[in-house]
Amino acid sequence: MPMFLLLSGIAALLLLAILAVVFSGSRFATRLVYGAGLLLSLELLVVGGLHLLCDAPPLALSLPLGLPWIGAHFRLDALSAFFVVIVNLGAAAACLYGLGYGQHAEEPSRVRPFVPAFIAGMNLVLLTADAFTFLLSWEFMSLVSWALVVVEHRDPRTVRAGYTYALMASLGTFALLLAFGLLAGPNGSYGFAAMRAAQVSPSVGALVLGLVVIGAGSKAGLVPLHVWLPEAHPAAPSHVSALMSGVMTKVAVYAVIRIVFDLLGTPHWWWGIVLLVLGGASALMGVLYALFESDQKRVLAYSSIENIGFIFVALGLALAFRADGFQAAAALALTAALFHAFNHAILKELQFFGAGAVQHATGTRDMERLGGLIHRMPVTAFCILIGCVGIAALPPLNAFASEWLIFQAILLSPSLPQWGLKLLVPAVGALLALAVTLAAACFVRFFGMSFLGRPRSEAASCAEETDGFSLAAMLLLAGLAVVGGLLPGVVIDALGPISTSLVGRHMPVQASLPWLSIVPIAASRSSYNGLLVFIFIAASSGIVASAIHVFASRRIRRAPIWDCGYADTNPALQYSASSFSEPIRRVFGPILFLARTEVEMPPVGSVAPAKFKVHLEDLIWQRLYVPVTGIVMTIADRLNVFQFLTIRRYLSLVFLALVSLLLVLALWS
Amino acid sequence: MSWLLGHNVALILTIPAVTALVLTLLPGYRLSAKLNVAGSLLTFLAALSLFAGHPPADPFVLVDDLNIVFIVLNTFVGFTTSLFSMSYIGHELETGRLTPTYLRFYHAMYQVMMFGMNLALLVNNIGLMWAAIELATLATVLMVGIYRTHEALEAAWKYFILASVGIAFALFGTILVYMAALPVVGEGLKAMTWTVLLSKASEFEPSLLSVAFIFLLLGYGTKAGLVPVHAWLPDAHAEGPTPISAVLSGLLLNVALYAILRFKMLMARNHAAISPGPLMIALGLVSLLFAAFMLYRRRDIKRLFAYSSIEHMGIIVFAFGMGGPLANFAGLLQMTMHSLTKSAIFFVVGHIAQAKGSQKIADIQGLTQSHPLLGWSLVVGVLAIAGMPPLGIFMSEFLLVTTTFVRAPLLAVLLVLGLTVAFGALLLRLQSVAFGMPQGKVAPVRVSVLPIFAHLGLVAIAGVYLSPMLVHWFQHVSIMLG
Amino acid sequence: MELIRDLVVQGAQMLLVVLLAPLVTGVVRKLKSRLLRRQGPSVLQPYRDLLRLIRKDVVLADNASWLFRSAPYLIFSTTWVAAALVPTFATGLMFSWSADLIAIVALLGSARFFLALAGMDVGTSFGGIGSSREMMIAALAEPVMIMIVFVLALLAGSTQLSTIAAYMVSPAVGLRVTLGMAFVSLLMVGIAETGRIPVDNPATHLELTMVHEAMVLEYSGRHLAVLELAGSLKLLLYLSLIACLFLPWGLTLPDASAWMYGIGLAAYIAKILTGCGALALFETAIAKMRVFRIPTFLGAALMLGLLGTLLLFVSRGF
Amino acid sequence: MHGIAFDVAHLLAGCLVLVSFLMLYQDRLYSLLNTYALHATVLFLSVAWQAYIQNAPDLYVTAGIALVFKAIIIPVALHRMIVKLGIHREIETVVGTGPTMLAGMGLVGLSLVVMLHAAAGANLMAREDLAFALAVILLGLLIMVTRRNAVSQVVGFMSLENGLILAAAGAKGMPLVVEMSVAFSILIAFIVIGIFLFRIRERFDTVDLQALDRFRGERQ
């Protein structure tokens with residue numbers, strides 16, 4: 001029954017996509033699509049959530065679709081149900097936001113049909129249980145999101161972003177295709193059940209792991225496969241950016257977990273290293289990119305790369321622990337990864353919604369042209385602030401709880417017997433610590449430049465608060481972020497069945513602990529209580545504030561800015577986003593980004609302005625992608641002469657082909 | 001009804017022949033366009049009736065699981081293309097690119113071509129098959145040159161010369177097969193009858209068969225557009241009328257492929273002969289990779305898709321070269337889907353070229369904005385041809401890549417490389433054509449929606465659901481192909 | 001009964017740190033002055049400053065937002081909560097399990113986050129400079145803290161401060177190279193985090209290299225008072241942390257008798273005063289760094305921390 | 001009987017290869033056409049001999065076509081055409097005669113290796129015939145790829161086709177289908193070539209394919 005509800009919900013979403021095309025001219029199309037989308041994703045959310053919370057046994061269903069002699073298999077287990085919750089929570093919020101945002105978005109008729117299809121595609125990926133249907137849904141999801149990326153198709157940059165995205169997505173799909181090919185074996189047993197039953201040799205397993213990392217990692221935005229992400233995610237309309245960055249990357253995480261933890265069988269210890277190294281690199285590189293970027297949505301997209309890095313590090317730890325038989329530690333790491341995925345989905349959606357609201361209100365995403373929005377858009381500013389605090393992993397919000405769990409898992413690594421892991425894990429831990437604090441810097445900059453200070457442009461100074469639906473969506477997510485941070489134990493307990501089925505153990509049950517603390521291993525080892533910390537902070541700031549207000553002056557005088565007596569009237573003299581990140585750029589820029597600065601000083605006595613330019617280059621793009629593109633283009637150029645040969649030369653080709661084949665035959669016999 | 005079932009093979013052949021005859025005599029072009037459609041429809045219906053029942057194999061006619069798929073596909077695409085050409089040719093007449101006299105010729109030649117292809121698919125004699133394929137080829141040569149522009153004439157000339165060499169090779173290969181069969185089967189017709197040849201193939205002189213296969217592969221491969229004997233294909237597609245491009249890509253290539261498959265089956269029965277697999281794999285991969293890179297520098301939209309046809313023929317030949325139930329199934333499916341998709345793309349491209357008055361990619365931009373129907377159909381079509389789900393080619397490429405990777409990982413890597421490179425090029429062009437600021441003429445055009453939607457609809461359905469009947473057929477054929 | 005005792009201890013600790021914090025600042029200032037052969041203000045001067053500030057009106061910039069006004073309280077309360085969870089004179093604090101060392105570091109991070117935001121709120125160039133530099137320093141200092149946490153947690157098998165402190169008192173510790181490394185890097189981080197020379201100069205106001213003072217430049221009246229108190233609290237917190245982790249002698253263990261608490265308290269105050277003295281000595285002896293030397297300084301601390309951790313991983317014997 | 005039959009067939013087939021070599025050697029259109037006429041005549045003799053020894057009267061028709069059509073009508077028609085076009089004095093080879101002849105030798109060697117090995121078990125006469133036919137086909141192709149002029153390419157193609165007919169005639173009891181299709185192909189080929197040459201005359205001043213190539217595809 002739940003399976004039927006889920007599949008019919010997905011089918012209804014697909015139908016909705018068609019309806020959106022049919023009614024694209026109607027005035028009510030936006031209401032229809034997002035309203036119905038909201039209801040349907042809520043339905044899916046409830047079904048998935050109930051399945052997860054009730055710890056129900058896995059459900060399976062097959063339909064006579066897809067590969068003819070295999071059929072389309074669907075399966076709902078705890079892992080799927082959890083990701084169904086993430087996806088549909090995100091989808092419901094995006095639809096709610098879309099109810100308002102969709103009214104004033106550009107090119108609505110190019111967006112509406114694809115949004116329900118996108119949601120349906122992501123849901124399908126989670127439910128499928130055979131390779132063909134999985135890849136079909138996977139690539140369908142990519143394709144629909146590609147269509148959403150190129151919505152504003154008149155901008156050449158958007159089209160280029162779409163191109164890079166689709167190409168990387170297709171590469172990823174091929175990698176997964178090859179991985180499934182290996183798992184399925186020569187007889188073509190494409191069902192997940194058969195793959196689970198079959199044991200692959202270690203070398204094949206390693207190859208599968210590599211391919212999965214390429215395939216799903218490119219979708220998740222793992223460095224060095226991330227290049228498309230900061231282009232494509234921001235190019236889409238904001239609620240779609242939110243879905244892509246917040247939710248679709250989680251579907252990629254799902255794919256990694258499903259294949260590596262579920263289908264691949266017993267792991268080898270060094271598999272963890274692959275995930276750890278890539279995850280650590282993504283975490284650091286992602287946040288550094290984000291720090292040097294001034295486009296709001298690109299900052300958010302890069303920050304997704306960072307968080308994906310965290311998730312992959314946790315997954316790598318889980319894999320290593322599992323390979324060495326430390327089931328409890330593996331359960332901790334896996335739970336941390338899943339919990340972080342959940343938190344990041346919420347926070348990233350929230351922030352993209354905010355960026356969308358800002359973009360709509362001011363017409364720009366460039367932080368150098370924003371400022372002071374906290375006065376014009378107070379509610380949005382508040383929600384984004386919660387998002388920023390959350391994503392910077394500060395207590396008592398949700399992402400802190402999950403990152404805390406990740407650090408706890410790292411601290412368990414001395415028990416691992418292999419030297420490689422022993423040495424690597426602390427180093428990765430240091431990377432993560434660096435990434436966390438850089439993220440805090442990044443989001444201070446993000447919030448400070450956009451919402452604080454004085455408006456840096458006309459548009460920013462006349463901004464208006466966004467519509468009610470958008471605000472409702474943001475408030476909802478902000479509330480969830482707070483609740484998730486205060487009551488992490490609830491989520492951790494809900495994740496128990498997943499880690500039981502994947503690594504054989506689950507974390508200690510948290511719900512029964514006093515004061516709703518979370519305890520990963522044992523209370524004497526470490527514990528954290530978000531609720532209590534929150535109560536302490538609230539109480540003590542309340543006490544201080546009221547004490548001061550009672551015993552001291554309550555008067556407030558308004559005056560011009562003091563600024564040490566040097567009151568500048570020009571908002572352009574404020575600290576800018578790029579000057580904010582300058583100290584950090586000095587530290588990391590020259591090594592990781594080949595940063596060069598150019599100062600152009602006018603001669604003495606000239607009134608021309610001095611110019612200062614910073615060049616940052618994406619090292620990975622320059623060293624990896626540019627050469628590959630160059631090779632393809634060179635080959636294409638070289639081969640192109642074959643279009644312009646004379647007939648005689650074509651005949652010579654035929655002749656040569658014949659003679660060489662005959663020679664082969666002569667030699668063969 | 002029983003009469004129909006008894007004579008359906010004869011009908012499939014006589015309807016186009018008679019229609020061709022009538023069309024040469026008929027003056028009015030509107031009427032002849034309708035007659036063309038009617039003839040094609042009747043042929044298609046007759047072909048459909050083959051499902052209900054068909055005569056047993058005799059020395060001249062053979063209907064088995066392999067060719068029934070080809071025939072039905074052939075007549076179906078023939079029918080939809082005739083529908084498309086009705087509106088397309090009307091426009092050409094209005095713009096003065098063609099005169100009524102040429103139109104009469106065009107319609108007659110269309111049916112001659114259909115006759116040739118149907119005959120090639122149905123006969124049970126390798127000599128007749130050869131002759132029928134040549135008939136169809138020569139008919140298309142004439143059609144390619146019908147615009148009589150410099151480019152069209154050059155394309156037709158190139159096509160003619162290269163095809164003639166292919167003809168010669170194929171005939172020589174056929175003679176060699178006969179020679180190989182002679183000592184075993186005896187003189188005369190029997191030594192050319194396909195069913196007899198197949199049953200005795202294991203006793204044939206293996207090395208003679210090997211030489212024969214090389215000639216047949218190159219000879220029919222010329223028709224199928226395999227690199228390095230492909231050179232006629234891009235220009236013939238680009239310069240001829242678009243319905244002919246659709247038929248060339250959708251049908252003639254298949255018929256040539258059919259011939260190659262028949263001989264491959266023969267080779268498979270004779271274990272001492274050279275194994276056809278590696279040859280086909282090599283030619284297929286070369287075609288795929290070559291065409292994939294060639295796609296990047298194309299400026300003419302029809303030539304672009306012509307190279308994509310070469311690419312797909314490469315994939316299909318590769319699949320059959322790999323052999324085994326999965327790869328063969330993939331090959332058959334890929335072939336079917338490619339026919340449907342590529343002809344649909346050419347329908348769309350034909351209308352686009354008419355709407356914009358140009359085939360140059362640089363002149364076409366922002367189609368989804370200026371002509372949403374055409375633009376989005378093109379998007380779907382190109383995504384389908386690039387193997388994106390949920391469209392049919394995805395399924396075949398899925399099967400092919402997975403099964404190849406397990407059996408020969410290196411080949412699969414090359415295959416994936418080719419597919420990715422090709423996708424990159426196709427997508428690059430698709431985006432510039434479908435998106436961006438609309439350029440040039442934006443006036444609406446009359447679009448024959450039915451053929452486009454019928455093809456794309458079938459492709460979309462096949463991507464998620466294949467009817468068990470079709471699957472059964474394909475599987476049986478896969479086993480036949482070995 | 002136990003519950004009441006724990007509550008009392010916890011409450012005493014919270015009050016103690018708040019009351020003691022200005023004194024620490026005063027003592028350091030006084031000692032520095034004496035070392036420079038100046039008379040210097042009284043050690044109680046910080047208390048008087050606070051009281052005076054509290055009585056004054058708040059002068060707010062025209063475009064200051066609600067964030068600007070609420071940030072001081074948030075900053076203070078997070079610092080306070082963090083300080084309340086560090087064992088000062090007794091381990092086994094009632095609520096110490098609600099946040100471990102990582103959470104304490106993160107709480108300080110929250111305080112810094114809001115401080116940096118507050119610095120940017122009015123939109124001045126000084127505020128921006130301060131926030132930007134503060135975040136840069138923090139970005140490099142916090143990983144060092146995490147590394148130190150790693151070292152301690154790996155040794156003690158816990159990230160709970162009480163457990164670590166109990167472990168450090170126990171004879172199992174011995175002299176270890178890693179601990180030395182961790183100690184040195186903790187000192188370096190503490191200096192950077194509390195804005196002391198050579199990283200920042202708490203005494204200057206109009207120097208281009210200032211960090212903390214630049215951020216609070218627009219604050220006045222009671223807001224400034226709260227922020228000043230929070231700053232002092234942070235200094236005390238780091239001193240207590242160092243004392244609790246590396247000089248744990250005299251810490252009162254749970255279930256001790258009342259006079260043991262007295263000994264603990266005395267030991268704690270002695271330790272803090274020693275710390276103040278060392279700090280004053282150090283600050284007098286050394287010159288302020290250029291801002292762009294700070295990454296090198298903190299990089300060295302990070303390397304020490306990482307090295308310590310790796311050494312621990314390689315062999316428990318170090 | 002058998003010995004003589006084989007020897008004569010062998011001789012004639014060998015002659016055909018030799019004439020192919022002669023064609024390869026010609027660098028003037030006139031002499032090329034003349035040599036082609038000789039080629040067709042040798043083919044006629046060869047096919048006629050096959051008809052005689054195989055006792056297959058239908059092969060005489062093929063032989064007749066070879067004589068009348070290929071040895072007389074086509075060379076004469078092409079003569080006229082090139083005179084009309086004024087290209088009869090043109091000298092045109094792409095590769096020097098020496099390398100071309102060497103390549104030709106190599107091809108004959110290749111065809112012998114392939115065929116004699118291949119047809120080891122087949123009828124001896126057929127085997128020889130096939131080897132020579134393959135050589136003629138390859139040489140015809142070589143002529144095509146070493147000439148620039150359209151007319152000489154057509155001639156090369158026709159010599160290639162002669163090789164095919166030699167092979168077909170050598171195949172014992174090959175059904176009528178073959179003869180029909182051979183005639184069919186010659187006819188169609190020639191008509192279409194005629195049409196094309198006519199059309200090309202209409203549009204272009206020369207039948208040199210290089211002129212056609214200027215309009216190749218995408219180069220603007």
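Proteins come first, then strands; the chains are lettered A, B, ... in the order of their sequence lines, and each starts at number 1. Note that the structure is a prediction, hence the values are computed from the model and not measured.
- Put simply, the side chain of A/Arg454 gets close to the backbone of C/Gly123: a donor and an acceptor are under 3.5 Å apart.
- From C/Leu67, atom CG reaches atom NE2 of A/His375 across 9.5 Å, with rounding to the nearest 0.5 Å.
- The side-chain heavy atoms of A/His549 and C/Arg222, taken from C-beta on, include a pair separated by under 4.5 Å.
- Against chain A, the residues from residues 69-77 of chain C that qualify, each with a non-hydrogen atom under 4.5 angstrom away, are C/Arg69, C/Tyr73, C/Leu74, C/Phe76, C/Ser77 in number order.
- Inter-residue side-chain proximity for C/Ile102 and A/Gln408 is flagged as met; some heavy-atom pair is nearer than 4.5 Å.
- Both the backbone and the side chain of C/Ser65 come within contact range of chain A, with heavy atoms under 4.5 Å apart.
- Looking at C/Asp100 and A/Trp404, their side chains come closer than 4.5 Å, going by heavy atoms from C-beta outward.
- When C/Ala64, C/Ala118, C/Gly119 are compared by the number of non-hydrogen pairs under 4.5 Å with chain A, C/Ala64 comes out ahead.
- The closest side-chain heavy-atom distance from C/Phe113 to A/Val389 is below 4.5 Å.
- Atom CZ of A/Arg585 and atom CE of C/Met136 lie 12.0 Å apart (nearest 0.5 Å).
- For C/Val81, the part sitting under 4.5 Å from any heavy atom of chain A is the side chain, from C-beta outward, and nothing else.
- Along residues 293-305 of chain C, the residues that come nearer than 4.5 angstrom to chain A, judged on non-hydrogen atoms, are C/Pro295 in order of number.
- The closest donor-acceptor contact from the side chain of A/Arg558 to the backbone of C/Leu60 lies at 3.5 Å or more, if one exists at all.
- Between the side chain of A/Arg525 and the main chain of C/Thr159, no donor-acceptor pair closer than 3.5 Å is present.
- Residue C/Glu142 touches chain A through both its backbone and its side chain, counting heavy-atom pairs closer than 4.5 Å.
- A/Leu424 CG to C/Leu310 CG: the interatomic distance, rounded to the nearest 0.5 Å, is 10.0 Å.
- Among A/Pro395, A/Ser541, A/Ala433, the residue making the largest number of heavy-atom pairs under 4.5 Å with chain C is A/Pro395.
- Atoms CZ and CD, on C/Arg133 and A/Glu582 in that order, are 9.0 Å from each other to the nearest 0.5 Å.
- Counting heavy atoms from C-beta on, the side chains of A/Thr437 and C/Ile146 never come closer than 4.5 Å.
- Taking chain C as the reference chain and counting heavy-atom pairs below 4.5 Å, the highest number among A/Ile374, A/Leu438, A/Leu531, A/Leu291 is found for A/Ile374.
- Side-chain contact between C/Phe114 and A/Leu394 is absent, with no heavy-atom pair separated by less than 4.5 Å.
- Using a 4.5 Å cut-off on side-chain heavy atoms (C-beta onward), A/Trp562 and C/Val59 make no contact.
- Neither the backbone nor the side chain of C/Ala225 has a heavy atom closer than 4.5 Å to any heavy atom of chain A.
- Within the 4.5 Å cutoff, the side chain of A/Phe536 has heavy atoms near those of the C/Ser98 side chain.
- Comparing C/Leu51, C/Leu107, C/Ile137, C/Leu101 by heavy-atom pairs within less than 4.5 Å of chain A, the highest count is held by C/Leu107.
- Contact annotation for C/Phe292: only side-chain heavy atoms (C-beta onward) come within less than 4.5 Å of a heavy atom of chain A.
- Atoms CG and CG, from C/Leu152 and A/Leu411 in turn, are 10.5 Å apart once rounded to the nearest 0.5 Å.
- Counting heavy-atom pairs closer than 4.5 Å to chain C, the top residue among A/Ala559, A/Pro583, A/Gly448, A/Ala435 is A/Ala559.
- From A/Phe447, atom CZ reaches atom CG of C/Asp121 across 8.5 Å, with rounding to the nearest 0.5 Å.
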